[in-house]
Amino acid sequence: MFIYNVTTNIEEKVHDKWVEWMKTKHIPAMLETGKFVSATMSRVDVVESMGGITYSVQYKIEDKATLERYFEEDAEHLRAQTKPFEGQFVSFRTEMEIVHEQ
């Protein structure tokens with residue numbers, strides 16, 4: 001099992017609109033690709049010197065091959081949907097392999 005983590009710092013002036021969009025549009029669209037098992041959105045408990053509010057969304061996925069298919073088939077289209085928030089957020093992505101769960 002793998003986790004595809006997207007950490008985003010969003011400007012406060014669009015924060016509420018972005019959170020609602022993430023919950024009702026973007027995360028459901030990610031899950032509708034059929035590639036991800038689940039998604040968890042968390043607020044990061046940190047004060048950034050650049051301001052804004054930081055979130056981490058962790059998408060669980062069965063295997064690396066499926067994640068690669070997501071990048072090839074879906075990522076560009078889904079990332080393009082962030083256009084209404086362009087210039088008002090910074091994101092970075094991390095791929096992690098789950099080695100143990102209890």
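- Each side-chain hydrogen bond (donor to acceptor under 3.5 Å, both in side chains) pair with one or both residues in residues 72-92, not counting sequence neighbours, appears once here: Tyr4-Arg79, Thr8-Ser91, Lys35-Glu73, Lys35-Asp74, His77-Gln81, Lys83-Glu86.
- A distance of 9.5 Å separates CD1 in Ile61 from CZ in Phe2, rounded to the nearest 0.5 Å.
- Val14 and Ile53 fall within the same hydrophobic cluster, defined by Ile, Leu, Val, Met, Phe, Trp and Tyr side-chain heavy atoms under 4.5 Å apart, directly or through other members.
- With rounding to the nearest 0.5 Å, the separation of NE2 in His100 from CD1 in Ile98 is 11.5 Å.
- Hydrophobic clustering places Leu78 together with Phe85 (ILVMFWY residues linked when any side-chain heavy atoms are closer than 4.5 Å, directly or through intermediates).
- Put simply, Leu31 and Val6 are part of the same group of oily side chains (I, L, V, M, F, W, Y) that touch within less than 4.5 Å, one to the next.
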Between side-chain atoms of residues 38-45 and protein atoms elsewhere (two or more places apart, or another chain), which donor-acceptor pairs fall under 3.5 Å?
none

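- A distance of 10.0 Å separates CG in Asn9 from CZ in Phe92, rounded to the nearest 0.5 Å.
- Residues Tyr59 and Tyr70 place their aromatic rings such that the two centres sit no closer than 6.0 Å.
- Scanning for salt bridge (Lys or Arg N to Asp or Glu O under 4.0 Å) contacts around Lys60 gives Glu101, with sequence neighbours left out.
- Partners of Thr33 under the side chain to side chain donor-acceptor pair (under 3.5 Å) rule, at least two apart in sequence or in another chain, do not exist in this structure.
- Nearest heavy atom pair, residue Ser56 against residue Asn5, reads OG-OD1, 2.5 Å.
- Glu95 is linked by a salt bridge (Lys or Arg N to Asp or Glu O under 4.0 Å) to Lys64, counting only residues two or more places apart in sequence or in another chain.
- Residues satisfying the side chain to side chain donor-acceptor pair (under 3.5 Å) criterion with Thr94, sequence neighbours excluded, are absent altogether.
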Side-chain donor-acceptor distances from residues 15-30 under 3.5 Å, at least two apart:
{"from": "His15", "atom 1": "NE2", "to": "Tyr55", "atom 2": "OH", "distance (Å)": "2.6"}
{"from": "Thr24", "atom 1": "OG1", "to": "Glu20", "atom 2": "O", "distance (Å)": "2.8"}

